[in-house]
4 protein chains.
Amino acid sequence: MVKSKQELIYEATLSLIEDNYQLTQIKVGDIAKKANIGKGTIYEYFDSKEEVISEAIAYMIKGWVQELEDILEENEGFEKSFRSILRNIFPMMEKKQQIFMGFLMLSKSSENSVDSLHKLMEKNNEDIQKKLLHLYEKIVDKSLEEGIINEKPDLFDWYFAVNSAIMCVLIYEDQFANQKVFSRNVEYSQEEIVEKAYGTFVKLLG
Amino acid sequence: MVKSKQELIYEATLSLIEDNYQLTQIKVGDIAKKANIGKGTIYEYFDSKEEVISEAIAYMIKGWVQELEDILEENEGFEKSFRSILRNIFPMMEKKQQIFMGFLMLSKSSENSVDSLHKLMEKNNEDIQKKLLHLYEKIVDKSLEEGIINEKPDLFDWYFAVNSAIMCVLIYEDQFANQKVFSRNVEYSQEEIVEKAYGTFVKLLG
Amino acid sequence: MVKSKQELIYEATLSLIEDNYQLTQIKVGDIAKKANIGKGTIYEYFDSKEEVISEAIAYMIKGWVQELEDILEENEGFEKSFRSILRNIFPMMEKKQQIFMGFLMLSKSSENSVDSLHKLMEKNNEDIQKKLLHLYEKIVDKSLEEGIINEKPDLFDWYFAVNSAIMCVLIYEDQFANQKVFSRNVEYSQEEIVEKAYGTFVKLLG
Amino acid sequence: MVKSKQELIYEATLSLIEDNYQLTQIKVGDIAKKANIGKGTIYEYFDSKEEVISEAIAYMIKGWVQELEDILEENEGFEKSFRSILRNIFPMMEKKQQIFMGFLMLSKSSENSVDSLHKLMEKNNEDIQKKLLHLYEKIVDKSLEEGIINEKPDLFDWYFAVNSAIMCVLIYEDQFANQKVFSRNVEYSQEEIVEKAYGTFVKLLG
DNA sequence: AATGAATGAGCTTTCATTCAT
DNA sequence: TATGAATGAAAGCTCATTCAT
């Protein structure tokens with residue numbers, strides 16, 4: 001299938017983010033160059049640089065959330081599904097940590113922001129937050145069905161529990177993996193971290 | 001006591017951040033205006049705008065960590081101290097969420113960053129991370145002394161536990177307080193959240 | 001009769017001018033949209049945007065001059081004809097004042113102009129100027145025939161006299177009609193202005 | 001006396017207009033180069049390119065009107081003064097015809113204009129128009145005092161009379177001087193044109 | 001030491017023009 | 001013949017930094 005120009009532009013943008021550009025210093029010219037198209041072409045499809053970036057990110061995140069939902073749909077048991085989800089966080093983290101963490105914490109912080117990039121992102125944020133919350137709830141409901149937890153806790157509590165499990169992976173990857181902490185290597189296998197993460201959920205809600 | 005020029009500049013910068021400027025769009029001119037000094041003066045004390053911002057942030061965070069350590073030093077019991085720490089997160093969040101969350105997740109993400117602001121921040125990050133880890137460990141050690149937990153867990157585990165407790169406050173403030181989630185208000189009192197946060201630590205390590 | 005593509009393009013262009021676009025900010029895309037044709041099509045018939053605009057204007061002016069000449073051809077007496085011409089200036093002014101005034105003063109001013117639109121216009125100017133002069137002369141000759149004036153004055157004098165009569169209408173419409181001048185309304189009926197304009201010619205040459 | 005930066009910028013702009021740039025295609029970079037200053041400097045003194053150009057023109061015109069008023073103040077008799085004014089039009093025309101004619105016809109034409117340059121000009125136009133009208137009235141009043149005309153005509157009539165006299169000079173310079181019209185040279189001396197122009201005023205109001 | 005006027009590199013965006021279909 | 005997606009040169013404007021005072 002031929003990629004639409006939009007997708008081409010999204011992917012060029014995301015690949016710049018992978019190259020560790022900070023969002024705010026991505027240049028339209030860079031995107032065009034990566035995508036092998038003219039600068040002007042970008043403006044045929046988007047109204048501004050900010051729109052390109054914010055939509056590219058939304059595009060990526062929606063993809064991620066979808067991937068994780070697909071895992072749930074496979075109708076394996078809760079534990080298997082959730083562990084599989086956690087395991088899938090690793091490759092997602094690989095290159096796009098900032099975005100990943102940023103969006104897990106999609107926040108009202110930029111509410112009064114003067115920055116137009118952030119203003120535009122908020123338009124997508126609500127939608128993404130909804131999708132994410134929906135995914136979290138599916139996870140929780142599955143654990144309920146299987147009796148892993150006995151009774152559905154408050155919204156905040158189950159949100160925080162799922163989030164913490166995922167955070168476990170993120171924090172490990174972001175701050176411990178391949179690094180010395182207190183001059184000590186703190187290395188675990190991926191499977192060990194998944195174990196800890198899964199355990200976090202159970203401890204918090206079980 | 002007379003404020004040093006540096007401090008004057010730090011505070012002007014931080015006050016801009018409180019005004020919800022995105023880091024990357026703070027202008028040297030704005031800082032100078034806030035500080036009531038000339039633009040040129042800033043360059044007598046710093047080599048670049050990036051240096052000003054990153055050091056201002058480091059200055060703020062070190063202050064925060066110090067404040068939290070001071071609470072521990074007051075030699076109240078563990079539970080009282082830790083709850084007091086958690087309670088102190090709220091005002092810190094108030095205006096500087098982005099920074100706060102950003103630094104809790106001080107990460108290797110910007111490792112290869114093209115962005116010079118982030119490059120400079122890393123110089124301070126290691127130092128700050130060390131201070132933070134140190135604070136976390138003091139917390140954990142205190143809980144050990146009092147038998148709240150029985151045996152010192154692995155570095156990653158205790159780090160994650162303290163971090164999760166703090167995250168509980170952050171996530172509540174950032175994503176639930178004063179907002180509808182799933183069209184529902186999910187309001188808790190500050191004390192209820194402190195309760196949940198403290199409980200998180202206990203559940204994870206207890 | 002089917003309109004030629006060229007005419008279609010001229011009319012789209014002129015209608016943009018009526019909409020009060022400044023000449024220099026008319027976009028090829030706007031013309032194409034107005035004309036309901038593709039942008040590329042315009043370049044099948046014209047070499048550049050400037051050519052389109054300058055020829056559209058020439059097309060319009062030649063039309064005007066022709067209209068005025070037709071009035072003279074009707075073989076009414078001089079006074080009736082000239083008054084009729086003056087009366088016909090009003091609707092011409094309506095929407096295209098800038099053009100109208102610009103062309104009455106078609107000038108050598110743009111002689112060394114760097115601007116390519118004006119360079120191209122000059123190609124048409126000479127032709128239009130000739131037509132206009134010819135019209136003026138016909139008017140003067142008619143007045144001679146009827147003894148309104150006794151003897152044919154110098155070229156500059158009769159040109160200036162006809163021009164002043166027309167200017168009388170233009171200046172009234174452009175600067176007095178529907179406006180306060182010195183905080184006073186200075187309103188005349190169209191017929192009163194025609195009277196003044198006609199009188200101007202007679203006073204200057206009679 | 002040292003020229004203010006503003007004046008420097010005005011003069012650079014006006015000198016570009018003398019070089020026959022069309023207003024709309026003057027580049028900020030050109031102005032800066034002419035003025036021997038950096039592009040950025042211009043934005044220290046003006047908010048936009050349009051502001052620079054429109055204020056430069058207003059600056060020039062106010063200068064002209066002042067020059068002509070000064071002549072009236074010299075308290076020579078009417079005829080001498082008015083002829084002197086007319087004589088002074090020639091050098092003003094020399095290089096800035098477009099502007100000169102444009103402003104004599106300062107018009108409501110651009111009222112609904114989409115073009116921001118013209119929008120800004122209008123802010124100055126009213127002021128300039130007032131000054132011009134004031135000058136015209138002084139001329140007329142002087143002619144009244146000396147009995148050149150018997151009774152003060154209507155506003156429109158005296159405005160049109162003075163304007164026509166000036167137009168006589170302008171049209172001669174713009175369309176006849178140094179040009180062939182109908183293949184004939186139509187050359188007059190400057191003094192002959194002043195004679196015709198003065199005569200126009202007298203014929204129209206006398 | 002402190003300043004802020006001056007700078008110009010570097011950015012986003014526009015739009016006339018081309019050309020494959 | 002007609003098209004409009006693609007282009008990239010060109011322009012306005014911003015702002016970190018310098019440096020004469």
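Treat the numbers as computed from the prediction; the structure is a model and nothing was measured.
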>> Reading DNA chain E from 5' onward, which residue's closest nucleotide shows up sooner: Gly40(D) or Gly40(A)?
In response: Gly40(D)
> Hey, which of these two, Asn36(D) or Ile37(B), hits DNA chain E nearer its 5' end, going by closest nucleotide?
Replying inline: Ile37(B)
>> Determine whether a donor-acceptor pair (one donor, one acceptor, N or O, separation below 3.5 Å) exists between the side chain of Lys39(D) and the base of dG10(E).
In response: yes
Taking any heavy-atom pair under 4.0 Å as a contact, classify [X]: base, sugar-phosphate, or nothing.
{"X": "Phe46(A)", "value": "nothing"}
{"X": "Ile31(C)", "value": "nothing"}
{"X": "Ile42(D)", "value": "nothing"}
{"X": "Lys33(A)", "value": "nothing"}

What's the [atom1]-[atom2] distance between [X] and [N], to the nearest Å?
{"X": "Lys27(D)", "N": "dG8(E)", "atom1": "NZ", "atom2": "P", "answer": "21 Å"}
{"X": "Asp47(D)", "N": "dC13(F)", "atom1": "CG", "atom2": "C1'", "answer": "11 Å"}
{"X": "Glu51(B)", "N": "dA16(F)", "atom1": "CD", "atom2": "P", "answer": "15 Å"}
{"X": "Ile9(B)", "N": "dA16(F)", "atom1": "CD1", "atom2": "C1'", "answer": "15 Å"}
{"X": "Asp30(B)", "N": "dA16(F)", "atom1": "CG", "atom2": "C1'", "answer": "12 Å"}
{"X": "Ile53(C)", "N": "dA16(E)", "atom1": "CD1", "atom2": "C1'", "answer": "11 Å"}
{"X": "Ile26(A)", "N": "dG10(E)", "atom1": "CD1", "atom2": "P", "answer": "19 Å"}
{"X": "Gln25(D)", "N": "dA10(F)", "atom1": "CD", "atom2": "P", "answer": "14 Å"}

A side-chain contact here means heavy atoms from C-beta on lying under 4.5 Å apart; do [X] and [Y] qualify?
{"X": "Thr24(B)", "Y": "Leu23(A)", "result": "no"}
{"X": "Ile9(D)", "Y": "Ile37(D)", "result": "yes"}
{"X": "Asp19(D)", "Y": "Lys34(D)", "result": "yes"}
{"X": "Gln25(B)", "Y": "Lys27(B)", "result": "yes"}
{"X": "Leu14(D)", "Y": "Tyr59(D)", "result": "yes"}
{"X": "Tyr10(B)", "Y": "Glu55(B)", "result": "yes"}

> Hey, where does DNA chain E pair up into stems, meaning at least three consecutive Watson-Crick or G-U pairs with distances under 3.5 Å?
Replying inline: E:2-21 with F:2-21
> At what distance, to the nearest 0.5 angstrom, does OH of Tyr43(C) lie from CD of Glu51(C)?
Replying inline: 10.5 Å
>> Both Tyr45(A) and Ser48(B) contact DNA chain F. Which one's nearest nucleotide lies toward the 5' end?
In response: Tyr45(A)
> Start at the 5' end of DNA chain F and walk down; is the nucleotide closest to Gly29(D) or to Gly38(C) reached first?
Replying inline: Gly38(C)
> Counting only side-chain N and O atoms of Lys5(D), is one of them less than 4.0 Å from OP1 or OP2 of dA6(E)?
Replying inline: yes
> Any side-chain N or O of Tyr43(B) under 4.0 Å from OP1/OP2 of dT17(F)?
Replying inline: yes
Name the closest nucleotide to the [X] side chain, picking from [options].
{"X": "Val28(A)", "options": "dT17(F), dT3(E), dT13(E)", "answer": "dT13(E)"}
{"X": "Thr41(A)", "options": "dA2(E), dA6(F), dT12(E)", "answer": "dA6(F)"}
{"X": "Glu44(A)", "options": "dA6(E), dT17(F), dT7(F)", "answer": "dT7(F)"}

>> Out of the candidates Val52(D), Ile42(D), Asp30(D), Leu8(D), only one should pair with Thr13(D) under the side chain to side chain contact (heavy atoms under 4.5 Å, CB included) rule; please name it.
In response: Val52(D)
